[in-house]
Amino acid sequence: MGWIKIEGMKFYAFHGHFEAERIVGNHFLVGIQIKTDCSKAAVSDDLNDTLNYQEVYLLVKSEMKKTSLLLENVAQRILDLLFETFPQIKKAKIMVSKLHPPMGGEIEKVSVILSKKS
């Protein structure tokens with residue numbers, strides 16, 4: 001087994017509890033850790049023998065375009081679709097962060113971390 005990490009995916013999206021957040025939008029960061037069997041690709045050096053990172057990124061990008069009220073919903077939708085799309089995933093962990101959320105003070109980011117096992 002091994003871990004594939006995709007860190008620092010940046011998106012401008014329209015997630016938020018307040019209507020203004022869903023109109024104006026905000027910056028988000030997404031990071032994913034995926035546990036999968038990397039042994040065959042480690043020997044073959046063939047993309048067909050591993051989880052295609054670009055396909056994972058495109059899936060995340062597509063889900064980030066769908067508006068949600070809560071980060072928890074965004075994270076769960078992405079996890080569910082990852083497991084549906086890539087049956088070789090054994091475990092995954094995702095962190096979705098909203099940068100500078102409108103919470104009445106100076107806050108760098110708020111994050112939600114969810115994990116799921118096959």
Side-chain angles (χ1 to χ4, degrees):
M1 283 294 134
W3 288 92
I4 294 169
K5 290 174 71 173
I6 304 174
E7 302 174 291
M9 293 179 272
K10 298 178 183 179
F11 301 97
Y12 195 85
F14 300 88
H15 309 301
H17 171 74
F18 300 109
E19 184 179 0
E21 293 179 282
R22 296 188 306 274
I23 294 170
V24 176
N26 204 338
H27 294 277
F28 294 82
L29 290 175
V30 178
I32 295 179
Q33 297 178 40
I34 298 170
K35 186 175 185 179
T36 188
D37 187 352
C38 296
S39 59
K40 189 173 180 183
V43 174
S44 72
D45 199 24
D46 186 339
L47 180 61
N48 294 313
D49 293 335
T50 192
L51 189 81
N52 186 317
Y53 318 155
Q54 183 178 19
E55 289 179 14
V56 172
Y57 170 77
L58 292 174
L59 180 148
V60 173
K61 181 179 177 182
S62 174
E63 286 302 303
M64 288 299 291
K65 290 180 181 180
K66 299 175 185 175
T67 301
S68 289
L69 298 177
L70 302 175
L71 296 179
E72 292 87 344
N73 181 261
V74 177
Q76 190 64 56
R77 284 190 295 105
I78 292 169
L79 277 178
D80 290 345
L81 193 53
L82 281 171
F83 277 85
E84 181 181 314
T85 306
F86 304 102
Q88 66 268 45
I89 294 175
K90 303 300 181 202
K91 183 178 182 180
K93 185 176 183 179
I94 184 169
M95 182 167 73
V96 179
S97 303
K98 180 187 291 190
L99 304 180
H100 309 289
M103 295 174 53
E106 189 165 328
I107 300 169
E108 180 182 337
K109 64 183 173 181
V110 294
S111 302
V112 168
I113 301 170
L114 297 179
S115 63
K116 182 176 178 175
K117 293 182 183 179
S118 62

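Only a predicted model underlies this, so the values are computations on that prediction, with no experimental measurement involved.
In the hydrophobic clustering (ILVMFWY side chains linked at under 4.5 Å, chained through shared members), Ile113 is joined by Met95.
With hydrophobic clusters built from ILVMFWY side chains whose heavy atoms lie under 4.5 angstrom apart, Met103 shares a cluster with Phe28.
Among residues two or more places apart in sequence or in another chain, the side-chain hydrogen bond (donor to acceptor under 3.5 Å, both in side chains) test is passed with Asp45 by none. Contacts of Glu63 classified as side-chain hydrogen bond (donor to acceptor under 3.5 Å, both in side chains), with partners at least two apart in sequence or in another chain: Lys66, Arg77. Partners of Lys5 according to the salt bridge (Lys or Arg N to Asp or Glu O under 4.0 Å) rule, which considers only residues two or more places apart in sequence or in another chain, are Glu7. Take Thr67 and apply the side-chain hydrogen bond (donor to acceptor under 3.5 Å, both in side chains) test, not counting sequence neighbours, and it matches no residue. With sequence neighbours left out, the salt bridge (Lys or Arg N to Asp or Glu O under 4.0 Å) criterion links Asp37 to no other residue. The side-chain hydrogen bond (donor to acceptor under 3.5 Å, both in side chains) search around Lys116 returns Asp80, not counting sequence neighbours.
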For residues 83-90, which side-chain donor-acceptor pairs fall under 3.5 Å, sequence neighbours excluded?
{"from": "Thr85", "atom 1": "OG1", "to": "Leu81", "atom 2": "O", "distance (Å)": "2.7"}

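A ring pair (Phe, Tyr, Trp, His ring centres under 6.0 Å) check over residues 98-118, counting only residues at least two apart or in different chains, returns nothing. For the side-chain hydrogen bond (donor to acceptor under 3.5 Å, both in side chains) condition, the pairs that include at least one residue of residues 49-62, sequence neighbours left out, are Ser44-Asp49. Under the side-chain hydrogen bond (donor to acceptor under 3.5 Å, both in side chains) criterion, the residue pairs touching residues 9-30 are Glu21-Lys98, with sequence neighbours excluded. The salt bridge (charged side-chain N to carboxylate O under 4.0 Å, His left out) pairs that include a residue from residues 99-114 number zero, where partners must be two or more places apart or lie in different chains.
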